[in-house]
Amino acid sequence: MKKLLLVLAIGAFVACNDNATSTEEAMDSTADALENKGDSLSNRIDSTYEAKADSVEDKADALKK
């Protein structure tokens with residue numbers, strides 16, 4: 001009976017250890033996804049800023065004429 005409990009306890013520890021690895025992988029992939037989203041948003045902000053700056057410059061040039 002003690003051997004059976006020992007085998008079950010070892011099996012439980014192994015099962016818990018596998019879940020920790022999956023959790024780490026999930027957290028890493030989530031972090032990567034968030035980083036990509038951040039980069040994408042940064043690029044959008046930059047392009048919007050550039051478009052607005054160009055528009056303002058065009059309006060200023062039109063007023064000078």
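Because only heavy atoms are used, hydrogens play no part in the values below, and waters and symmetry mates are left out as well, while side chains stay in.
- Here the OG1 atom belonging to T48 is positioned 10.5 Å from the CG atom belonging to N43, to the nearest 0.5 angstrom.
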Tell me which donor-acceptor pairs under 3.5 Å the side chains of residues 49-58 have, and how far apart each pair is, sequence neighbours excluded?
none

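- Taking CG of D39 as the start and CG of L34 as the end, the distance is 11.0 Å to the nearest 0.5 Å.
- Interatomic distance, CD1 of I10 versus CG of L6, reported as 4.0 Å (0.5 Å rounding).
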